[in-house]
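These notes are about the structure you will find just below.
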2 protein chains.
Amino acid sequence: MVTLEDVAASAGVSRATVSRVVNGDTKVKAQTRINVEAAIAELGYSPNPAARALASSQSHTLGLVTTSYRGGFFGALMDTVQSEAELQGQQLLVTQGRDTAEKERSAIQRLFNLRCDGLVLHVRAITDETLLQLAELDRKFIVLDREVQGLEDRCVVFDHRLASALATQVFIDAGHTSIVCLHGPSSRSSSLLRRQGFLDAMSNAGLVPAAVLGGEYDMPAGYQLASQLLENIRPTAIYCCNEELAIGAMLAVTERGLRIPQDISLICYDSGERAAFVRPAITSVHFPITEMARFAIRKLLDNHCKNESFLPEIIHRDSVRRIC
Amino acid sequence: MVTLEDVAASAGVSRATVSRVVNGDTKVKAQTRINVEAAIAELGYSPNPAARALASSQSHTLGLVTTSYRGGFFGALMDTVQSEAELQGQQLLVTQGRDTAEKERSAIQRLFNLRCDGLVLHVRAITDETLLQLAELDRKFIVLDREVQGLEDRCVVFDHRLASALATQVFIDAGHTSIVCLHGPSSRSSSLLRRQGFLDAMSNAGLVPAAVLGGEYDMPAGYQLASQLLENIRPTAIYCCNEELAIGAMLAVTERGLRIPQDISLICYDSGERAAFVRPAITSVHFPITEMARFAIRKLLDNHCKNESFLPEIIHRDSVRRIC
DNA sequence: CTGTTAGCGCTTTCAA
DNA sequence: TTGAAAGCGCTAACAG
């Protein structure tokens, strides 16, 4: 491997000067810079990150802790976070928490031991208290999609309850009265909030839910819940708290020879992964996780970053029928 | 941050000794080891990876280049590769190639510039030639699911053609004669091989395909191809070259009021992500990508690793009906 | 079994 | 605007 020293020798300058041009320091004579750059190109020099990290005590490495790697949601998250990190000249280390507090804690610990400059945390199991402790240790991190009391300035949040209510309102405005809600695990607060938003909108409209069923946030759950539901009742609208649930429900609905939206209307919570790509395309409330992730990275690297707020947005597609 | 030196001072030994116990060197007196370990625990010492990398010229970092982050396949790949890497005490840097040769090349370059000790490449667009050149540069890498002429010892491969033929044979053995094949993009060789395997089995059995349709490897494509198909013909069996395609096809089939497997049987190529989890569970040929990925990491770290071969396996589930 | 001693390749004062 | 020099925290011979 060619080193700074090699470049310095080849360009006839000191190592310090090469370091300056590599790091874009302005105090270098134009001609010197040109010479050095030529030497770099000729030798194919690329700085050794370890040496750089050791000397500067900055690893230029960010960490991301997620709940799991499975599901479309993760791909989108990972994609955005990494693109943004690279844009800012940082590398990214990713680790999954696998839904237990202990694993999340150790993942975070490991990433800090690896000397990450900062972490984006998309975690569920770990307690607020642990997060608070971490903050006191002066660790740099941002919490994605979770509100931690006392750490508001480090949280990038979204109003799931409002978003959910808005989505439900679409059904109500279209004249539906027999509406069911399929939601995720009660162990997740964002899941509870979505369910609550649904209930808000219903009671506001003076409506009683046809049913409210919960399970995992995956396709089989959607399929099963919807199947079980349709054995007993025949609602005109189903609201699904994520995309996987919605696709599972679609399968169950169509399997029974019912059509969407002619017989049953559908709306889901989405992160832009698949709702738009199935047929019929599903009308949804957009959960701007990618925008939020991008903002999280910016915030991590720039302390003066002003807080941004993310508003729910309804995306009208083809899965809602208007009832006269 | 506490350093080796701090630990050495606290334990009353030299830095070399601490380094020895940290690295599991055997030549340390039991009592000394205990003292040092106590000091490490007390001080909460964790080695600085940059210093370690600089001194040893080993980064303990592996790289993974994938085509994309989207789709269930990637999550599974990433999950296995990372778990295995961690098991071996390595971290993992992941980058996506995004399906262009140029991006794949630069991703690989970047990872090597970052001083990764080795790379797992799951790439499509880059040419064999480029890979060959890389090998001559003495870069350490393993190519996943692709056969490169002259680089056989660095490739972890799977016989897609055979696997696909085996899957098709299941239909044939069950008495089906009107079989269609839904395959992926013709730009991918593994996609072509799967298609070819289907044709092999059909012609072996003296059967003519009811249809052979190709498109993207995703759910919308599966939905569209199957819909279009069912407008015109009514086969008794559909073979899908991946899981997404199969789920899209299921949607189209059930939407028409047809049942699986009563009216139409289904088999798909799978990587263990979803075929087992939809209803009915889809009979499939298992593509052991996780096993292959795990092996790739081992091979990367152990040159004497003997080659392993991965055999296709049929997993019988509930989507195939026997025709008398 | 343990300590001493050079570096690894870079950044960063401090002078010049 | 440039160079000299002192580390950053660790590993790896080499002695002892």
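In what follows, chains carry the letters A, B, and so on, assigned in the order in which the sequence lines appear, proteins first and then strands, with residues in each chain numbered from 1. All values reported here derive from a predicted model rather than from experimental measurement.
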_5' priority, DNA chain C, between A:S46 and B:K29 [closest heavy atom]_ = B:K29
*Residue B:V28, side-chain atoms from C-beta onward, closest of D:dT11, C:dT2, C:dC10*: C:dT2
*Does CZ belonging to A:R115 count more than 12 external heavy atoms closer than 6.0 Å?*
yes
*Closest to the A:A55 side chain: C:dT2, D:dG9, D:dG7?*
D:dG7
*Base, sugar-phosphate alone, or nothing: which one does B:T17 contact when heavy atoms must sit under 4.0 Å apart?*
sugar-phosphate
*Does the side chain of A:D99 pick up a donor-acceptor pair with the side chain of A:T67 at under 3.5 Å?*
no
*For D:dT2, take OP1 and OP2 only and decide whether either is under 4.0 Å from a side-chain N or O of A:T32.*
yes
*How long is the line joining CZ of B:R52 and P of D:dC8, in whole Å?*
19 Å
*asked:* Can you confirm whether the side chains of A:T66 and A:Q96 place a donor and an acceptor under 3.5 Å from each other?
replied: no
_Rounded distance (Å) that lies between atom P of C:dC8 and atom CG of A:D6_ = 11 Å
*B:S14 side chain N/O closer than 4.0 Å to the phosphate oxygens (OP1, OP2) of C:dG3?*
yes
_Selected nucleotide, minimal atom distance to A:R15 side chain, candidates D:dG9, C:dC10, C:dT5_ = C:dC10
_Protein-nucleotide distance (B:Q58, atom CD; D:dT11, atom P), rounded to Å_ = 11 Å
*Can you check whether A:V123's main-chain N or O pairs, donor with acceptor, with A:E104's side chain at less than 3.5 Å?*
no
_Rounded distance in Å - CD1 (A:I34) to P (D:dT1)_ = 14 Å
*Under 6.0 Å from the CD atom of A:E5, do we count more than 12 heavy atoms belonging to anything else shown?*
no
*d(CZ, A:R115; P, D:dC8) in whole Å*: 14 Å
*For B:L54 and D:dT11, give me the distance from atom CG to atom P, rounded to whole Å.*
11 Å
*asked:* I'd like to know if B:R110 and A:E86 make a salt bridge, using a cut-off of under 4.0 Å between side-chain N and carboxylate O.
replied: yes
*Rounded to whole angstrom units, what separation is found between the CG atom of B:L4 and the C1' atom of C:dT4?*
15 Å
*Hey, does the side chain of B:T3 come within less than 4.0 Å of D:dG9's phosphate (OP1/OP2), counting only N and O?*
no
*Tell me: OH of B:Y45 to P of D:dG9, nearest whole Å?*
10 Å
*Using only heavy-atom distances, determine whether the side chains of B:Q149 and B:D128 contain a donor-acceptor pair under 3.5 Å.*
no
*Which residues, if any, of residues 18-27 of chain B bring a heavy atom under 4.0 Å of DNA chain D?*
B:S19, B:R20, B:N23
